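All of these numbers come straight from a predicted model, not from anything done at the bench. All residue numbers in this chain count up from 1 along the given sequence.
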Amino acid sequence: MDVNKKLGFGLMRLPLTDQNDEASIDMEKTKQMVDLFLERGFTYFDTAWMYCGFNSENAARECLVSRHPRDSYTLASKLHSAFFNSLEERDKVFQEQLRKTGAGYFDYYLLHGIEAGSYPKYEQFKCFEWILDKKQQGLVKHAGFSFHDSPELLDEILTKHPEMEFVQLQINYLDWESEFVQSRRCYETAVRHGKKVIVMEPVKGGTLASVPEKAQQLLTGMDPEMSVSSWAVRFAASLPNVMVVLSGMSTPEQMDDNTSYMQDFKPLTKEQTDTLAMVADVINGNITVPCTGCSYCTDGCPMNIAIPKYFALYNEDMRESEEKGWSASSISYTRLTEEFGKAGDCIACGQCEGVCPQHLPIIRYLQDVTARFEG
């Protein structure tokens with residue numbers, strides 16, 4: 001992998017033929033995006049068992065593996081603790097991933113979304129040793145894990161498992177000093193242990209692609225030719241120990257933009273980084289629910305509530321002028337409730353909060369959504 005090509009293609013938010021069905025991947029558009037990505041010299045693709053309604057790994061096979069030589073790209077996938085409860089199930093998932101992708105082996109393989117609640121399960125089923133065994137068999141080239149918790153827990157894991165080669169962390173300029181995500185401190189912990197870092201959520205689920213006007217003015221003042229989202233991706237890529245920055249691109253236009261400015265990547269200056277800190281302050285003053293739209297919370301929701309979609313609408317609506325009297329968000333909310341459960345249908349079972357990588361108080365936020373759109 002070319003160390004200067006730090007952009008990775010995250011196969012999590014692929015173009016869809018039906019926006020209400022995350023499994024309805026638009027394969028033709030995805031093929032266009034894959035081809036452009038490779039054509040411009042980038043090679044890193046990231047998928048996972050449950051991405052795109054469990055269809056992302058199939059898309060990797062159809063759009064990438066079956067159409068390009070195996071040595072022309074690197075492919076990463078992951079084992080998530082929610083989808084196995086025995087040693088046999090753990091191996092069954094891995095074998096099925098190999099079948100679905102058709103890749104023969106994974107260049108990078110991760111234990112997925114480790115946090116305080118899931119870490120004991122990975123230890124119980126000896127997953128760290130298991131992934132090294134896959135490496136010895138040649139089925140995995142590089143072993144690591146993705147992480148959503150405190151720098152203290154990350155230090156504990158890396159101290160116990162120095163054999164892990166890399167860590168995937170949520171890093172963006174909005175979360176860099178966040179007391180919840182703690183991007184900076186987690187990054188510094190990985191660096192202290194000598195681990196390379198792969199970055200996820202550099203644009204925070206699209207939040208940093210569409211920013212308040214004051215924040216946009218600050219970004220435009222630095223360089224009017226650069227897209228708003230480019231600053232987020234380049235911030236993460238500018239960190240010395242970052243190996244790859246994953247971007248979940250959903251359109252050919254996003255692919256064209258990201259690959260254009262990352263082809264000849266130059267790290268941000270201190271002045272630019274300092275300006276991004278000011279941009280973060282502006283954005284934090286305008287965001288009501290800091291949801292990244294990962295949708296981990298929706299798979300097990302007994303009431304089929306479209307949680308990330310409702311939070312996105314709520315954030316949009318909260319930016320509307322009170323004098324306006326109506327908003328497109330409220331109309332969109334009503335339409336969505338014809339297919340999904342309403343926010344007010346929440347039974348407070350808590351499963352969503354248990355899997356949220358951002359550790360959001362989802363139940364309370366759903367109550368706010370209910371008051372906003374159903375009151």
Task: Set of salt bridge (Lys or Arg N to Asp or Glu O under 4.0 Å) partners for K135, sequence neighbours left out - done: E165
- [ ] Count the heavy atoms belonging to other residues, nucleotides or ligands that lie under 6.0 Å from NZ of K100, then report whether that count exceeds 12.
- [x] yes
- [ ] Without swapping roles, check the side chain of Q351 against the backbone of C297 for a donor-acceptor pair under 3.5 Å.
- [x] yes
Task: Geometric class of the H112/Y51 ring pair [parallel <30°, tilted 30-60°, perpendicular >60°] - done: perpendicular
- [ ] Determine yes or no for a side-chain-to-main-chain donor-acceptor pair under 3.5 angstrom, with H193 supplying the side chain and K195 the backbone.
- [x] no
- [ ] Classify the side-chain pair E57/S77 by whether it contains a donor and acceptor separated by less than 3.5 Å.
- [x] yes
Open item on the list: For residues M200 and L110: do they belong to one hydrophobic cluster (side chain heavy atoms under 4.5 Å, members Ile, Leu, Val, Met, Phe, Trp, Tyr)?
Closed with: no
TODO: Determine yes or no for a side-chain-to-main-chain donor-acceptor pair under 3.5 angstrom, with Q358 supplying the side chain and T292 the backbone.
DONE: no
Task: Donor-acceptor pair between Q367 and R364 side chains, under 3.5 angstrom - done: no
Open item on the list: One pair to check against side-chain contact (heavy atoms from CB on, under 4.5 Å): K309 and N20. What are the steps and the verdict?
Closed with: CA-CA 10 Å; K309 294 179 186 293; N20 291 326; 4.1 Å; yes
Task: Atom pair CD1 (I114) and OG (S81), whose distance is rounded to the nearest 0.5 Å - done: 8.5 Å
Open item on the list: Tell me which one of F94, F125, Y122, F84 satisfies ring pair (Phe, Tyr, Trp, His ring centres under 6.0 Å) with W130.
Closed with: F94
TODO: Go through the steps for D175 and R184 under the test salt bridge (Lys or Arg N to Asp or Glu O under 4.0 Å), then give the verdict.
DONE: CA-CA 8 Å; D175 291 325; R184 177 181 58 78; over 6 Å; no
- [ ] Anything under 30° is parallel, anything over 60° is perpendicular, the rest tilted; go ahead and classify W176 against Y187.
- [x] tilted
Open item on the list: As a quick check of understanding, evaluate salt bridge (Lys or Arg N to Asp or Glu O under 4.0 Å) for R372 and D368, giving each step before the final call.
Closed with: CA-CA 6 Å; R372 185 76 176 182; D368 294 338; over 6 Å; no
TODO: Please assess M303 against F340 for the test side-chain contact (heavy atoms from CB on, under 4.5 Å), listing each intermediate value before the final yes or no.
DONE: CA-CA 8 Å; M303 307 308 291; F340 300 98; over 6 Å; no
Task: Side-chain heavy atoms of Y109 within contact of Q97, under 4.5 Å - done: yes
Task: Cluster link M226 to L218, ILVMFWY, side chain under 4.5 Å - done: yes
Open item on the list: Quick check: is M164 connected to L153 through a chain of hydrophobic side chains (ILVMFWY, heavy atoms under 4.5 Å apart)?
Closed with: yes
TODO: Please confirm whether the backbone N or O of S330 pairs with a side-chain atom of T334, one donor and one acceptor, at under 3.5 Å?
DONE: yes
- [ ] Identify the two heavy atoms, one from M33 and one from T251, that lie closest to each other, and give their separation to 0.1 Å.
- [x] CE-O, 3.4 Å
Task: Closest contact, heavy atoms only, D257 versus S227 - done: OD2-OG, 2.7 Å
- [ ] Please test E188 against R185 for salt bridge (Lys or Arg N to Asp or Glu O under 4.0 Å), starting from the C-alpha separation and ending with a verdict.
- [x] CA-CA 5 Å; E188 290 172 351; R185 292 188 61 216; 6.0 Å; no
Open item on the list: For the CG atom of L64 and the CG atom of L11, what is their distance to the nearest 0.5 Å?
Closed with: 7.5 Å
Open item on the list: Quick one: does any side-chain atom of S260 pair with a main-chain N or O of D256 as donor and acceptor, under 3.5 Å?
Closed with: yes
Task: Cationic N near anionic O, under 4.0 Å, K92 to E89 - done: no
- [ ] Of all the heavy-atom pairs spanning A103 and L75, show the shortest one and how long it is.
- [x] CB-CD2, 3.7 Å
Open item on the list: Can you tell whether the side chains of K29 and E253 come within less than 4.0 Å, N to carboxylate O?
Closed with: no
TODO: Over all heavy atoms of both residues, which pair between L158 and A190 is shortest? Give the atoms and the distance, please.
DONE: CD1-CA, 4.1 Å
Open item on the list: Under a 3.5 Å cutoff, is there a donor and acceptor pairing between the side chains of Q95 and D91?
Closed with: no
TODO: Go through the steps for K121 and E115 under the test salt bridge (Lys or Arg N to Asp or Glu O under 4.0 Å), then give the verdict.
DONE: CA-CA 10 Å; K121 187 172 186 178; E115 40 80 30; over 6 Å; no
Open item on the list: Ignoring hydrogens, what is the shortest heavy-atom contact between E225 and D223? Give both atom names and the distance.
Closed with: N-OD1, 2.9 Å
Task: Nearest atoms (heavy-atom pairs only) where L174 meets N284 - done: CD1-OD1, 3.5 Å
- [ ] May I ask you to say whether K160 pairs ionically with D155, meaning some side-chain N is under 4.0 Å from a carboxylate O?
- [x] no
Open item on the list: Evaluate T43 against F37 for side-chain contact (heavy atoms from CB on, under 4.5 Å), listing each step before the verdict.
Closed with: CA-CA 7 Å; T43 61; F37 188 74; 5.7 Å; no
TODO: Under the salt bridge (Lys or Arg N to Asp or Glu O under 4.0 Å) rule, collect the residues that match up with R61, sequence neighbours excluded.
DONE: none
Task: Sidechain N-carboxylate O distance under 4.0 Å for R67, E62 - done: no
TODO: Go through Y333 and Y314 one step at a time and tell me if the side-chain contact (heavy atoms from CB on, under 4.5 Å) criterion holds.
DONE: CA-CA 9 Å; Y333 178 80; Y314 182 69; over 6 Å; no
Task: salt bridge (Lys or Arg N to Asp or Glu O under 4.0 Å) involving E156 - partner list, sequence neighbours excluded - done: none
Task: SB check E28 K31 (cutoff 4.0 Å) - done: yes
Task: Inter-residue atom distance C127.SG - Y119.OH, 0.5 Å rounding - done: 11.5 Å
- [ ] Identify whether L7 and L38 are in the same connected component of the hydrophobic contact network (ILVMFWY, side-chain heavy atoms under 4.5 Å).
- [x] yes
Open item on the list: Between Y261 and N258, do the side chains contain a donor N or O and an acceptor N or O under 3.5 Å apart?
Closed with: yes
Task: Test: K196 cationic atom under 6.0 Å from F166 six-membered ring centre, within 45° of axis - done: no
- [ ] Could you check whether the rings of F45 and F9 sit parallel, tilted or perpendicular, using 30° and 60° as the cut-offs?
- [x] tilted
Open item on the list: Among I283, V228, V279, L276, exactly one meets side-chain contact (heavy atoms from CB on, under 4.5 Å) together with L208. Which residue is that?
Closed with: I283
Open item on the list: Distance alone, cut at 3.5 Å: any donor-acceptor contact between the side chains of E123 and H161?
Closed with: yes
